[in-house]
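Only one structure is covered here, and it is reproduced in the block below.
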Amino acid sequence: MYTEYPKTQKIRLFSLAVGQPLVVHNQVDDIDSEDRVDLWQTVLIYRLFDNGSTQCVAHLDMDGQLLGRDVFFFSEASWCRSNDGQDDTTPKESVKEWMKIVAPEYANFDSTYTAFMLAIGPDFPHVSGCGRLLRFDIRGDQNILDPATEPVEWNIQQRRFTPLSSKRTIMPRSYGPPAAVIARIPMGRKVSCMIHFRHPPQLNHLICTGSYVTDELAVYDWRFGVKVGTLPW
């Protein structure tokens with residue numbers, strides 16, 4: 001669960017990933033194993049309100065290649081700030097500025113209501129380090145399919161949720177662009193682990209990756225997929 005600061009509003013977000021067990025050498029990971037990893041098929045992002053109620057603000061179908069291990073939420077206002085908002089850190093750069101390089105077509109966004117989620121993990125089948133950058137509107141949308149509030153079924157062929165009711169009405173979107181995966185960011189090959197720097201917040205743009213083929217840890221600026229340093233292992 002993470003805290004955001006779009007303008008003066010403080011919100012809480014969490015995500016759920018629906019995955020498919022990874023099959024290696026015709027063997028499926030033990031469903032009860034702590035080390036089990038899944039190929040992410042769908043990501044649901046929820047907003048948690050103070051009264052305990054939730055709202056699904058994004059329902060995104062993934063490509064089924066990411067072995068997701070961690071997520072990180074941020075917005076224009078929360079970038080380079082701690083989750084509790086108690087620090088006096090003033091962001092030295094704007095998300096919109098580096099977004100012009102990462103995803104130029106998405107760089108012009110409404111900073112009041114737009115938030116982002118970074119999902120990281122090895123990318124199958126080459127076990128490459130990878131990040132998926134997701135953009136969504138914190139106000140959500142009445143057309144979002146929420147498995148928590150309406151009957152759905154898992155479509156095995158399409159590998160996604162579909163509504164049980166054929167009479168579900170789709171209303172025109174009244175504000176903001178729909179949620180989307182806006183960038184896929186590579187970070188090395190044959191990656192054994194990925195650790196995101198959360199503290200201090202000034203290092204939120206860095207990810208450390210381990211490797212199956214070298215005896216060093218690589219440090220990447222995940223925004224651009226650029227290797228910026230190494231650490232002995």
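Because the structure is predicted, anything quoted here is derived from the model rather than measured.
Partners of Glu105 by salt bridge (Lys or Arg N to Asp or Glu O under 4.0 Å), not counting sequence neighbours: none found. Scanning for salt bridge (Lys or Arg N to Asp or Glu O under 4.0 Å) contacts around Arg159 gives an empty result, with sequence neighbours left out. With sequence neighbours excluded, no residue satisfies side-chain hydrogen bond (donor to acceptor under 3.5 Å, both in side chains) with Glu153. With sequence neighbours excluded, the residues satisfying side-chain hydrogen bond (donor to acceptor under 3.5 Å, both in side chains) with Thr42 are Asp61. Shown here are the salt bridge (Lys or Arg N to Asp or Glu O under 4.0 Å) partners of Lys96, two or more places apart in sequence or in another chain: there are none. Remark: Asp50 engages Arg12 in a side-chain hydrogen bond (donor to acceptor under 3.5 Å, both in side chains) (not counting sequence neighbours). By the side-chain contact (heavy atoms from CB on, under 4.5 Å) test, Asn51 is found to be paired with Phe49, Ser53, residues two or more places apart in sequence or in another chain being considered. Looking at residues two or more places apart in sequence or on another chain, you find a ring-ring contact (aromatic ring centres under 6.0 Å, His included) between Tyr46 and Phe14. Every residue meeting the side-chain contact (heavy atoms from CB on, under 4.5 Å) condition with Phe197, not counting sequence neighbours, appears here in chain and number order: Leu203, Leu206, Cys208.
The line from CG of Leu39 to CG of Asp63 is 9.5 Å long, rounded to the nearest 0.5 Å. With rounding to the nearest 0.5 Å, the separation of CG in Leu66 from CD in Gln41 is 10.5 Å. To the nearest 0.5 angstrom, Asp137 atom CG is 11.5 Å from Ile45 atom CD1. The distance from the CD1 atom of Ile11 to the CD atom of Gln55 is 10.0 Å, given to the nearest 0.5 Å. With values rounded to the nearest 0.5 angstrom, His199 atom NE2 is found 10.0 Å from His196 atom NE2. Residue Ser75 holds its OG atom at 8.0 Å from CD1 of Ile138, rounded to the nearest 0.5 Å.
In terms of heavy atoms, Gly52 sits closest to Leu48 at O-CD1, 3.9 Å. Nearest heavy-atom pair, Val102 versus Pro104, reported as atom, atom and distance to 0.1 Å: C-CD, 3.9 Å. Taking every heavy atom of both residues into account, Ala103 and Ile182 meet most closely at CB-O, 3.8 Å. Nearest heavy atom pair, residue Val191 against residue Gly129, reads CG2-N, 3.3 Å. The two atoms that bring Gly19 and Asp38 nearest to each other are CA-CB, 3.8 Å, heavy atoms only.
The main-chain N or O of Pro178 is found under 3.5 Å from a side-chain atom of Arg135 such that the two form a donor-acceptor pair. In this structure, the side chain of Ser78 does not engage the main chain of Phe74 through any donor-acceptor pair within 3.5 Å.
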Original post:
Taking it one step at a time, do Val43 and Arg132 satisfy side chain to side chain contact (heavy atoms under 4.5 Å, CB included)?
Top reply: CA-CA 11 Å; Val43 169; Arg132 299 286 204 287; over 6 Å; no
**OP:** Check the pair His59 / Asp146 against side chain to side chain contact (heavy atoms under 4.5 Å, CB included), numbers first and verdict last.
**Re:** CA-CA 8 Å; His59 182 155; Asp146 182 5; over 6 Å; no
**OP:** Given side chain to side chain contact (heavy atoms under 4.5 Å, CB included), test Leu118 with Ile207 step by step and report yes or no.
**Re:** CA-CA 11 Å; Leu118 173 71; Ile207 284 178; 4.2 Å; yes
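Tyr106 and Phe116 have their aromatic ring centers separated by at least 6.0 angstrom.
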Review item, side-chain donor-acceptor pairs of residues 216-228, under 3.5 Å, at least two apart:
{"residue": "Glu216", "atom": "OE2", "partner": "Lys227", "partner atom": "NZ", "Å": "3.4"}
{"residue": "Tyr220", "atom": "OH", "partner": "Gly188", "partner atom": "N", "Å": "3.4"}
{"residue": "Asp221", "atom": "OD1", "partner": "Arg223", "partner atom": "N", "Å": "3.1"}
{"residue": "Asp221", "atom": "OD1", "partner": "Arg223", "partner atom": "NE", "Å": "3.0"}
{"residue": "Asp221", "atom": "OD2", "partner": "Arg223", "partner atom": "NH2", "Å": "2.7"}
{"residue": "Trp222", "atom": "NE1", "partner": "Asn204", "partner atom": "O", "Å": "2.7"}
{"residue": "Arg223", "atom": "NH1", "partner": "Glu93", "partner atom": "OE1", "Å": "3.3"}
{"residue": "Arg223", "atom": "NH1", "partner": "Glu93", "partner atom": "OE2", "Å": "2.7"}

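Note on residues 177-194: pairs passing side chain to side chain donor-acceptor pair (under 3.5 Å), not counting sequence neighbours, are Asp123-Arg184, Ser128-Arg189. Screening residues 131-156 for ring pair (Phe, Tyr, Trp, His ring centres under 6.0 Å), with sequence neighbours left out, gives Trp154-Phe161.
Note on Phe72: it clusters hydrophobically with Trp98, by side-chain heavy-atom contacts below 4.5 Å among ILVMFWY residues. Residues Phe124 and Tyr212 do not share a hydrophobic cluster, defined by chaining ILVMFWY side chains whose heavy atoms lie under 4.5 Å apart. In this structure, Ile120 is a member of the same hydrophobic cluster as Leu231, with clusters built from ILVMFWY side-chain heavy atoms closer than 4.5 Å.
The shortest distance between side-chain heavy atoms of Ser15 and Phe73 falls below 4.5 Å. By the 4.5 Å heavy-atom criterion applied to side chains, Leu60 and Met117 are not counted as neighbours. Residues Met194 and Arg69 form no side-chain contact, since every pair of their non-hydrogen atoms from C-beta on lies 4.5 Å or further apart. At least one side-chain heavy atom of Arg198 sits less than 4.5 Å from a side-chain heavy atom of Asp70.
In the displayed structure, Leu164 atom CG is contacted under 6.0 Å by more than 12 heavy atoms of other residues, nucleotides or ligands.
Looking at Glu76 and Ser94, their side chains do bring a donor and an acceptor atom within 3.5 Å of each other.
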